[in-house]
Amino acid sequence: MVHDGLYFWNTLTRQKQKFHPIDADKVRLYVCGPTVYNDPHIGNWRTFLFGDLLRRWLEYRGYTVFHVMNITDIDDKTIRDSGKEGVPLKVLTDRYTQSFFRGLKMLRIFPATVYPRATDYVPEMIQFIQILLQKGIAYETRDGVYFDIDAFPHYGQLSHIALNNVKTTTRMTADEYDKDTAQDFALWKHSTPDELQREIYFDSPWGKGRPGWHIECSVMTNTLLGETLDIHVGGEDLVFPHHENEIAQSESLTGQPFVHYWLHVRHLMINGRKMSKSLGNYVLFDEVLAQYGTDTLRYFFLSVHYRRPINFTHATMKIAQNSMMRLRTTLDLIEDVLQSNDEELGVPAEAFAFLDSIHQHRQTFEHSMDDDLDTHSALDALHAVSKTINEYCAVKPNTAALMTARRVYLQLLDAVGLYSIDEQSSPAEFQDHSQAFITLLLSLRDLMRAEKNYKVSDLIRDKLAQLGVVLTDTTNGTSWKLKASD
Ligand code: AMP
Ligand code: ZN
């Protein structure tokens, strides 16, 4: 059952809107991926981690997510930098694609359903451009094929640019440009002599050439997710021209709305400026992970809502590190208490009050996340869960209640990527499993004893003792203890 109460701020409508996917329980999600011309910096990772957070939350709420993230392995920058380095384009892009995948793993980002590479979709791009030409929305020039922005009446709807102020008669050949130079943009670029000599080209009805950047996403979304997507994500710098151009191309082709919800992540800043490759003021995630670890980096991003800029400083990273440590300490405390807790009779009233309070914090957490992924408030709720557990551990806690609280706590941590239930065999999860196994062996031993098969029942006792599990037979049955906790 999906939860019907998610709200997202939509860049397209400039409003917070209730989320209605096209299919009741499925979400078509596209996140603009990396341009693989060098290692992503932690600003890029802010956006990619947001994609992961959104995916996790949609899944937490019961949706099945088809998540596509493209790899831009041909564009102005990849061609420029492979040329500078004197290596074939593919050598450069393969190197940084690998580095991107390594980052995904290190940051425990859920793998997308598909990671299409732009160069694998060139025939589809050519076909797409041909239809735009047939419809009279694109035209051919001496240097390529261009999209006529005057032929698409809604051009500017996402970025809210006033077209008549900006459109000039010249055309834009570069992939990236600013709002105040809005012009017809390249769908297909004829090869330059340098590209021909380096054999960076594809054959097309317009001669040897290569696609422009924007057409890549329109084609990969169309091929893999269909005409209309539920959610499209990217950093704020992509609103114009990239996403504006994606809409123009896709809607001109299909006549259907391209995307229902546009979510844009504000920039990671450093010393008051956008962290960017071109400004050279970037920090790579290897450095940050070596110093702080994945959870701290994730915590740092979660501490500020994704629609607010966030400033990278070591002081704030240290604050994130301490806060993360407080959340982790609660997990350790639970383990210690569960190891040493004695069996008890009856259900103490405090256990109900305790679980009630955990439940309320969970609801606050969920409401915060439903409200346009308000992670700042969700973290407050997580700390409230942690504090409640810490306080409960200080009195005489009930084992079952504490285990329930631990399960909720782990689920919430996992929902925002601060802890991975699936991928990490944590002491907590491990202990759950071992307890279940020990209980199973005890039942088997009881059965053997009832059948007077003392050979097997003693074997079970001895083998468990070798593993540090000591059994005590009483008139009420058999209890067990770990040797270490004696
Ligand atoms: P690129 O590899 O340059 O195409 O960028 C990949 C993604 O990172 C895009 O969605 C960009 O909008 C995003 N991005 C780039 N710089 C930053 C930054 N400083 N903070 C957050 N996101 C960024
Ligand atoms: Zn894109």
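We count ligands from 1, going down the list as the structure has it; atoms in each ligand are counted the same way.
- Distance check, rounded to the nearest 0.5 Å: CG of Leu297 to OH of Tyr292 gives 10.5 Å.
- Put simply, His214 stays out of reach of the Zn ion (ligand 2), with no N, O or S atom under 2.8 Å from it.
- Between Tyr63 and Phe19, the ring center distance clears the sub-6.0 Å criterion.
- Note that Arg171 lies in the cation-pi zone of Tyr146, set by a 6.0 Å cut-off to the ring centre and a 45° limit from the axis.
- Minimum-distance N/O/S atom of His242 relative to the Zn ion (ligand 2): NE2.
- Thr64 is linked by a side chain to side chain donor-acceptor pair (under 3.5 Å) to nothing, counting only residues two or more places apart in sequence or in another chain.
- To the nearest 0.5 Å, the span separating CG on Leu49 from CZ on Arg298 amounts to 5.0 Å.
- Partners of Tyr96 under the ring-ring contact (aromatic ring centres under 6.0 Å, His included) rule, at least two apart in sequence or in another chain, do not exist in this structure.
- Residues lining ligand 1 at a heavy-atom distance below 4.0 Å are given as Gly33, Pro34, Thr35, His41, Gly43, Asn44, Thr47, Phe48, Gly234, Gly235, Asp237, Leu238, Arg266, His267, Leu268, Lys274, Met275, Lys277, ordered by chain and residue number.
- With a cut-off of 2.8 Å, the Zn ion (ligand 2) has no N, O or S atom of His243 in range.
- A search for side chain to side chain donor-acceptor pair (under 3.5 Å) contacts involving Thr404 returns nothing, not counting sequence neighbours.
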